[in-house]
Amino acid sequence: MTSHKSDFINTAAERGYLHQCTGLEALDALAAKPPLTAYIGFDCTAPSLHAGSLVSIMLLRLFQNTGHKPIVLMGGGTTKVGDPSGKDEARKFLTDDDIAANMAGIRDVFAKFLTFGDGSTDAVMVDNADWLDGLSYIPFLRDYGRHLSVNRMLGFDSVKTRLDREQPLSFLEFNYMVLQAYDFLELSRRHDCMLQMGGSDQWGNIVGGVELGRRLDNVELFGLTTPLLTISSGAKMGKTAEGAVWLNRDMLSAYDYWQYWRNTEDADVGRFLRLFTELPLYEIGRLETLEGEEINDAKKVLADHTTALCHGEAAARAAAETARKTFEEGTQGEALPAVDVPRADLEQGIPAFELFNRAGLAKSNAEARRLIKGGGGRLNDSPLDSETRPVTTGDLNAEGVIKLSAGKKHHALVKAV
């Protein structure tokens, strides 16, 4: 049992969120007298966040649930620069319109996990473009850049790794940590924010903000990072062979989201239950001791709870029921991903590989061809013997749909419209 004073630090340590922290004892003492204000920044590089961001989102939720005030910082300004942390190359340049559209998509996710409002512990969302876009370059360098050591910046992993690999690091990207440090200072001044949290790859950037606050405002700020999360196989969290595990339903169905967690590797079940659900630790302890076929029950619990948080309890129940019908009864469930296809196209006949691509079960026609040639494609639960086999209205089942399957775990329904 941990012996920290605050509920926040205690719970963060017990559930596996705590990796590095500046002034842990002092931060713990402050957190024991809520409310404290903390933030995590999210750049707007895609229309949705993916499961790799969930540790940070759940940490903000824990922070709020233990009596504190979370700030969600949207990187409308820093997205224009690009964070080099953990990247092998510079990010693709995004226009202001791209960033605005991505930000709009990302905003919706947080309302599912946090309570927003005007109360002392209600979350707020701010955009760092509000102060970064109007900066004058020379005054900014003079007033803030001189307080950050290039010698030290070169030693941080986010920079050092790129240089060690002899991969280009532009001056634009090198400025990112200066801007992130300035974000922390601005949030300290505007919102009395004393804590910045983030993944372990953000440690150098966070420490820069802590130092800037001390040097310029003589204020003690704090940084806390979470462990870099990979699955037991070594793959990056939030990625699958089919692509990213998006948090927005318009980019990934609730059923596919449920399936991602249901397919968790055995060795990760206990860890993921601690990080991504709010189940009591004693119940998680029981679930992670399950072995053999019983471990699948723990995976279903994980899938149910993670999907309920992200998509709602009704969607989680529907996804679980669809999975049960699909895998245990061999029938089809209503929550399977569906794609509408013009009836005229089906009357004419669509090559199987093309229909698999249209249904999102393959990234390209070539990939769909390989899938079916390899024996991984099924039509209405029957193996396909040819990737060019025409799929027609004659394949519509009694319920008026065509069920496509890629392997044992990925399915889609085709509806004629």
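Any value given below was found using the heavy atoms of this structure, including those in side chains, with hydrogens, waters and symmetry copies removed.
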Minimum-distance pair of heavy atoms, taken over all atoms of [X] and [Y]:
X    : Y    : result
E220 : M194 : O-CE, 3.5 Å
Q259 : A323 : NE2-CB, 3.7 Å
P390 : G349 : CB-CA, 4.5 Å
C44  : G75  : SG-N, 4.1 Å
P34  : A31  : CD-O, 3.7 Å
L114 : P70  : CD2-CG, 4.4 Å

With a 3.5 Å distance limit and no angle check, can you tell me whether [X] reaches the backbone of [Y] through a side-chain donor-acceptor pair?
X    : Y    : result
N128 : G77  : yes
D28  : K5   : yes
N380 : I402 : no
S405 : G407 : no
K69  : G119 : yes
T307 : D304 : no
E367 : K363 : yes
N102 : S48  : no
N248 : D250 : no
H4   : S6   : no

Taking side chain as C-beta onward, heavy atoms only, is [X] less than 4.5 Å from [Y]?
X    : Y    : value
P47  : I106 : no
Y260 : T306 : no
L302 : T264 : yes
I57  : L247 : yes
F222 : Q196 : no
T277 : R15  : yes
F276 : L273 : no
K80  : D133 : yes

Worksheet entry | Other residues, nucleotides, ligands: >12 heavy atoms within 6.0 Å of E265 CD |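 More than 12 within 6.0 Å, yes.
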Worksheet item: Crowded around Q348 CD? As in, over 12 foreign heavy atoms under 6.0 Å?
Response: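 Result for CD/Q348: open.
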Discussion item. Evaluate F42 against F110 for ring pair (Phe, Tyr, Trp, His ring centres under 6.0 Å), listing each step before the verdict.
Written reply: CA-CA 11 Å; F42 300 86; F110 289 98; 4.9 Å; yes
Item to complete: Please check if any side-chain donor atom of N296 sits under 3.5 Å from a side-chain acceptor atom of E293, or the reverse.
Response: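 Side-chain D/A pair, N296 to E293: present.
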Worksheet item: Would you say the side-chain atoms of T37 and D192 include a donor-acceptor pair closer than 3.5 Å?
Response: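 Per modelled atom types, T37 and D192 side chains form no pair under 3.5 Å.
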Practice prompt. Test L281 against E14 for side-chain contact (heavy atoms from CB on, under 4.5 Å), laying out the working first.
Written response: CA-CA 9 Å; L281 292 177; E14 288 174 347; 3.6 Å; yes
Does a salt bridge link [X] with [Y], judged by any charged N lying under 4.0 Å from a carboxylate O?
X    : Y    : value
R317 : E321 : no
R271 : E288 : no
R358 : D345 : yes
R189 : D217 : yes

Worksheet item: Per the side chain to side chain contact (heavy atoms under 4.5 Å, CB included) rule, which among L195, I71, L60 passes with Y39?
Response: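 The option that passes is I71.
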Discussion item. Salt bridge (charged side-chain N to carboxylate O under 4.0 Å, His left out), that's the test. Do R389 and D395 meet it? Break it down for me.
Written reply: CA-CA 11 Å; R389 186 263 211 210; D395 293 303; 2.7 Å; yes
Name each donor-acceptor pair under 3.5 Å that joins a side chain in residues 17-27 to protein atoms two or more places apart or in another chain, with its distance.
{"residue": "Y17", "atom": "OH", "partner": "L275", "partner atom": "O", "Å": "2.4"}
{"residue": "Q20", "atom": "OE1", "partner": "T225", "partner atom": "OG1", "Å": "3.0"}
{"residue": "T22", "atom": "OG1", "partner": "G223", "partner atom": "N", "Å": "2.9"}

Discussion item. Quick test of your reading: applying side-chain hydrogen bond (donor to acceptor under 3.5 Å, both in side chains), list the pairs with at least one residue in residues 51-66, sequence neighbours left out, ordered by first then second residue.
Written reply: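 Qualifying pairs: R61-E278, N65-E278.
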Worksheet item: Mind checking whether F63 and H68 have parallel, tilted or perpendicular rings, split at 30° and 60°?
Response: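 Correct class here is parallel.
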